Amino acid sequence: MKCRADFPVKGAIFDMDGTLLDSMHHWRVWDFAALEPWGLTLTEAQEEEARALMTDKKLIDRAQYLVDRYGLNATAQDIFDRWLLRIGAAYEGEIECKPMVPQYLQALHQSGAKVGIATMTGRDFSRAALERLGLWDQLDFFLTAQETGISKRDPDIFLRAAECIGLPPSQCTVFEDSLYAIETAKKAGFQVCAIFDETAREDWPQICALADRHIECFTELLED
């Protein structure tokens, strides 16, 4: 299979969770299951409020937010350590890629496009999953906010990815499932292809209106 002629890509910058990997539903559970030892149970509305405020934060900063917001008798490191145990197991053996991801990455390489990832997730967990799924060796570069210190509310992480590709933003395509990251990429001058994820269903109408292309499966970007 090859890339569709009506959507040419010279340089591809992929988000990982919710875009390449079917992992966002895991994160929705982990965030608050980690609080059970401290007897905190949040309402659905409280969970949604907290998620909105933690979306672009590093893990240790998410943990500190929860400690401060709910006055937990715990340290951020306590919560962080519980997350690491569960997250590590999932990335090493549970999380799968979304349908047709390997085929689309292969088609991009065959077309001559450079391909990389810009993610909020740490390198060790990311690499464990990507190597297990056979995707790591298909990447030309890998950037993580954990190392760069840059949130996706800041266009710099996408601009750094464009530098890795060697093309201006206007000639690079960002593949994302998150509304706030799509907004950032569009404002920075990137072409954006939105990928549907169930956890962002409520944002999907806004995402579709903003993105240059929106798909529910990578099959839509492939042809024989």
Side-chain angles (χ1 to χ4, degrees), residues 14-99 101 117-133 135-136 142-154 157 176-182 184 195-204 206-207:
F14 285 94
D15 171 55
M16 188 179 71
D17 296 291
T19 298
L20 294 179
L21 302 186
D22 189 14
S23 54
M24 290 305 295
H25 57 287
H26 289 276
W27 283 99
R28 292 180 72 85
V29 173
W30 296 333
D31 277 340
F32 306 108
L35 306 180
E36 291 175 0
W38 294 279
L40 179 65
T41 301
L42 301 182
T43 65
E44 185 174 339
Q46 287 174 320
E47 287 187 2
E48 290 305 317
E49 176 191 29
R51 284 194 185 97
L53 293 170
M54 295 192 302
T55 296
D56 61 338
K57 295 182 182 295
K58 293 184 288 187
L59 279 181
I60 192 65
D61 294 332
R62 292 186 188 192
Q64 189 63 59
Y65 167 81
L66 293 172
V67 170
D68 294 342
R69 176 68 177 82
Y70 299 106
L72 299 180
N73 185 26
T75 66
Q77 191 65 47
D78 292 334
I79 296 173
F80 182 77
D81 289 344
R82 285 183 59 81
W83 277 337
L84 291 189
L85 288 173
R86 185 65 189 90
I87 291 169
Y91 278 88
E92 289 170 8
E94 299 174 21
I95 291 170
E96 298 295 331
C97 60
K98 287 194 166 183
V101 163
I117 285 177
T119 179
M120 295 294 294
T121 303
R123 178 178 292 268
D124 290 344
F125 294 139
S126 300
R127 184 163 186 168
L130 294 170
E131 285 188 336
R132 175 173 56 82
L133 297 169
L135 304 181
W136 182 261
F142 179 89
L143 297 175
T144 170
Q146 305 294 318
E147 295 171 354
T148 63
I150 303 171
S151 159
K152 286 188 178 179
R153 294 193 189 279
D154 185 328
I157 194 165
E176 268 282 358
D177 67 297
S178 173
L179 176 59
Y180 84 94
I182 289 170
T184 301
I195 317 301
F196 177 78
D197 192 82
E198 183 61 37
T199 59
R201 177 177 289 277
E202 291 186 3
D203 293 333
W204 190 239
Q206 289 177 268
I207 287 172

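This structure is a prediction, so every number in the text was calculated from the model and none was measured.
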Flag, side chain of [X] to backbone of [Y], donor-acceptor distance under 3.5 Å:
| X | Y | answer |
| --- | --- | --- |
| T184 | K152 | yes |
| Q206 | D203 | no |
| R86 | H26 | no |
| T119 | T144 | no |

Could you report the tightest heavy-atom contact between [X] and [Y], atom names first, then the distance?
| X | Y | result |
| --- | --- | --- |
| A118 | I157 | CB-CG1, 4.2 Å |
| M24 | G18 | CG-CA, 3.5 Å |
| S126 | F142 | CB-CZ, 3.4 Å |

Any side-chain heavy atom of [X] within less than 4.5 Å of one from [Y]?
| X | Y | answer |
| --- | --- | --- |
| L133 | E96 | yes |
| F196 | I207 | no |
| D124 | Y91 | no |
| T121 | L21 | no |
| E48 | E202 | no |
| C97 | L135 | yes |
| E92 | E131 | no |

Item to check | With sequence neighbours excluded, residues passing side chain to side chain contact (heavy atoms under 4.5 Å, CB included) with T41 | outcome: none
Item to check | For I60, side chain to side chain contact (heavy atoms under 4.5 Å, CB included) partners two or more places apart | outcome: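 Expected list: A76, Q77, F80.
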Item to check | Option passing side-chain contact (heavy atoms from CB on, under 4.5 Å) with L20 (candidates V101, I195, D177) | outcome: V101
Item to check | Verdict with supporting geometry, E49 and L42, side-chain contact (heavy atoms from CB on, under 4.5 Å) | outcome: CA-CA 10 Å; E49 176 191 29; L42 301 182; over 6 Å; no
Checklist entry - Which distance, rounded to the nearest 0.5 Å, do you find between the CG of L130 and the CZ of R123? => result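 Rounded to the nearest 0.5 Å, the CG-CZ separation comes to 10.5 Å.
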Checklist entry - Can you tell me how far OG1 of T19 sits from CD1 of I117, rounded to the nearest 0.5 angstrom? => result 9.5 Å
Checklist entry - Does the side chain of D154 come under 3.5 Å of the side chain of S151 through a donor N or O and an acceptor N or O? => result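 S151 and D154 do not have a side-chain donor-acceptor pair below 3.5 Å.
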Checklist entry - Should we count CG of N73 as having more than 12 external heavy atoms under 6.0 Å? => result no
Item to check | Listed partners of R82 passing salt bridge (Lys or Arg N to Asp or Glu O under 4.0 Å), at least two apart | outcome: none
